[in-house]
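Notes follow once the structure below has been shown.
Since we're looking at a predicted model, the values are computed, not measured.
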Amino acid sequence: MMSQSSTIRPHRAPGEAPAVREPAHVPVAHVVRGGMIEGVHHGSVVVLAADGSVAFQAGDIEVACYPRSALKPLQAVGLLRAGLPPLDDELLALVAASHSGEERHLAGTRRILTAAELAEDDLRNVPDLPYDPAVRDEWIRRGLAPSRLAQNCSGKHAAMLLTARTRGWRLEDYLDPGHPLQQELAATVDDLTGQRIARVTVDGCGAPLFSVSLHGLTRAAARLATAAPGTDEGRVAEAMRAHPEMVSGSSRDVARLVRAVPGLLAKDGFEGVQIAALPDGRAVGVKIADGADRARMPVTAAALARCGVDPEILAPFATAPVLGGGAPVGTLRAVHTTAPHLS
């Protein structure tokens, strides 16, 4: 594949990096069993108004945090800016995905690799089993081993390779933070969040992971959600909205939420991170301090209710059952101060 030049877009000068310190999280969700609070999940929440101002906050929204896979939409924009060749919306959604390892995800990643004239062995993400429990069980039943293709970040990694191949950059060390590709992605994160990256480490898949604040991450989500059609940000947002099952999976709560709320852009991340943004710029960011995934969606639903999303639409996402003897005996729900609209 021939190398091609790419116009470097001017970026806005970012603000200062967020502080690296112990987060001042607060209670954001209660585990209620038999009418009594059994457990408390701490975390932080930010809700942005359409004009970008902070409409609500709880906890510590300015401290540096690792967005984990909630950063992938920003990285997808960065790949387009860096010269990722045109992909259809289904594949572009996969570039921003933490996929479940379904056949559609594997086939899509193969298509991206084929465009780069590369194969699964060229990927440098960590081999893993499919993320979705049912898909993983079937994988094991068939005697299949962990693979780079099945790992939930393979679409992003394939797109990184395709971009590097297109630009004529080295392929073997595309995950090195000093690689031109990763430098381009870091510049995009600076630009979209409006702040400098605080720390760079390694994500679970092996790719560089950039630390920003929850406020900055949510601001970036709003920028994607409000972007004009045809821009790099707008292309990623439209692809994610059109193909939420490619971004996650057919049984995942994030895909159901995007299908339920018109125009919503949403992405989750490990360690209890969630961003969601509406087309007019209203946006929410959630970080659960202990990384518990079970608290992520109820708190996100509460934050979206503060954005004005219809509570009836959010009702299926607002609570999670607490079981006793196999039957519901309580609920996990956002605390009242976060969720007055869902009380």
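When the salt bridge (Lys or Arg N to Asp or Glu O under 4.0 Å) test is applied to R235, the partners found at least two apart in sequence or on another chain are D232. For R104, the side-chain hydrogen bond (donor to acceptor under 3.5 Å, both in side chains) test picks out E102, with sequence neighbours left out. With sequence neighbours excluded, the residues forming a ring pair (Phe, Tyr, Trp, His ring centres under 6.0 Å) with Y174 are H157, listed by chain and number.
Counting only distance, with no hydrogens or angles, the side chain of R199 and the backbone of C65 share no donor-acceptor pair below 3.5 Å. The backbone N or O of E245 sits less than 3.5 Å from a side-chain atom of H105, completing a donor-acceptor pair. Using modelled atom types, no side-chain atom of R282 and backbone atom of V309 make a donor-acceptor pair closer than 3.5 Å. Of the possible polar contacts, none joining the R33 side chain to the G330 backbone as a donor-acceptor pair under 3.5 Å is found. Checked by atom type and distance alone, the side chain of D122 pairs as donor or acceptor with a backbone atom of A119 at under 3.5 Å. Using modelled atom types, one side-chain atom of R136 and one backbone atom of Y131 make a donor-acceptor pair closer than 3.5 Å. Side-chain atoms of D190 come within 3.5 Å of backbone atoms of I197 as a donor-acceptor pair (strictly under, hydrogens ignored).
Scanning both residues, A292 and H41, for their nearest heavy atoms gives CB-CE1, 3.4 Å. Across every non-hydrogen atom of V236 and P73, the tightest pair is CG1-O, 3.9 Å. Pairing each heavy atom of A164 with each of L171, the nearest pair is CB-CD2, 3.7 Å. Closest approach of A302 to A334, counting heavy atoms only: CB-CB, 3.6 Å. Of all heavy-atom pairs between P279 and T226, the closest is O-CG2, 3.4 Å. Listed here is the closest heavy atom pair of A222 and A283: CB-CB, 4.0 Å.
The hydrophobic clustering, which links ILVMFWY residues whose side-chain heavy atoms are closer than 4.5 Å, places L118 and L181 together. Taking hydrophobic clusters as Ile, Leu, Val, Met, Phe, Trp and Tyr residues chained together by side-chain heavy-atom distances below 4.5 Å, V135 does not share a cluster with M246. Both F56 and M297 belong to a single network of hydrophobic side chains, linked directly or stepwise wherever heavy atoms of I, L, V, M, F, W or Y lie under 4.5 Å apart. Hydrophobic cluster membership differs between V28 and V63, with clusters built from Ile, Leu, Val, Met, Phe, Trp and Tyr side chains linked at under 4.5 angstrom. No chain of hydrophobic side-chain contacts below 4.5 Å, direct or via other Ile, Leu, Val, Met, Phe, Trp or Tyr residues, connects V202 to L71.
Considering CD of Q75 and OG of S69, their distance stands at 8.0 Å, rounded to 0.5 Å. Expressed to the nearest 0.5 Å, how far CG of L161 lies from CG of L113 amounts to 6.5 Å. The structure places CG of L257 at 13.0 Å from CZ of R252, a figure rounded to the nearest 0.5 Å. H243 NE2 to S248 OG: the interatomic distance, rounded to the nearest 0.5 Å, is 13.0 Å. If you take CG on L106 and CG on L149, they are separated by 5.0 Å, rounding to the nearest 0.5 Å. Rounded to the nearest 0.5 Å, atoms CG (L129) and CG (L144) are 9.0 Å apart.
Within a 6.0 Å sphere centred on CZ of R170, other residues, nucleotides and ligands contribute more than 12 heavy atoms. Annotation for E103: atom CD counts as buried by contact number, over 12 foreign heavy atoms lying within 6.0 Å.
A salt bridge does not link D203 with K72: none of the charged nitrogens is closer than 4.0 Å to a carboxylate oxygen. The existence of a salt bridge linking R124 and D176 is excluded, since no basic side-chain nitrogen approaches an acidic carboxylate oxygen closer than 4.0 Å. A salt bridge does not link E62 to R21: none of the charged side-chain nitrogens sits closer than 4.0 Å to a carboxylate oxygen.
Residues H99 and S154 bring a donor and an acceptor atom of their side chains to less than 3.5 Å of each other.
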Report the C-alpha distance between R81 and E233 in whole Å, list the side-chain angles of each, state the deciding distance to 0.1 Å, and finish with yes or no for side-chain contact (heavy atoms from CB on, under 4.5 Å).
CA-CA 9 Å; R81 289 182 177 183; E233 296 90 331; 2.8 Å; yes
Worked check of side-chain contact (heavy atoms from CB on, under 4.5 Å) between L175 and M160
CA-CA 9 Å; L175 296 183; M160 287 180 175; 4.1 Å; yes
Candidate pair D60 and V26, rule side-chain contact (heavy atoms from CB on, under 4.5 Å), full reasoning:
CA-CA 8 Å; D60 198 343; V26 298; over 6 Å; no
Show your reasoning for whether side-chain contact (heavy atoms from CB on, under 4.5 Å) applies to W169 and E184.
CA-CA 12 Å; W169 290 331; E184 290 264 6; 4.0 Å; yes
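Cluster partners of I37 are V32, V40, counting Ile, Leu, Val, Met, Phe, Trp and Tyr whose side-chain heavy atoms approach within less than 4.5 Å, directly or via other members. Through side-chain heavy atoms spaced under 4.5 Å, either directly or across other Ile, Leu, Val, Met, Phe, Trp or Tyr residues, V329 is tied to V31, V322, L332.
Among T109, D128, N125, the one residue that satisfies the side-chain hydrogen bond (donor to acceptor under 3.5 Å, both in side chains) test with Q151 is N125.
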Throw together a table of side-chain donor-acceptor distances under 3.5 angstrom for residues 264-276, partners on residues two or more places apart or in other chains.
residue, atom, partner, partner atom, Å
K267, NZ, S98, OG, 2.8
Q274, OE1, R296, NH1, 2.8
Q274, NE2, K267, O, 3.1

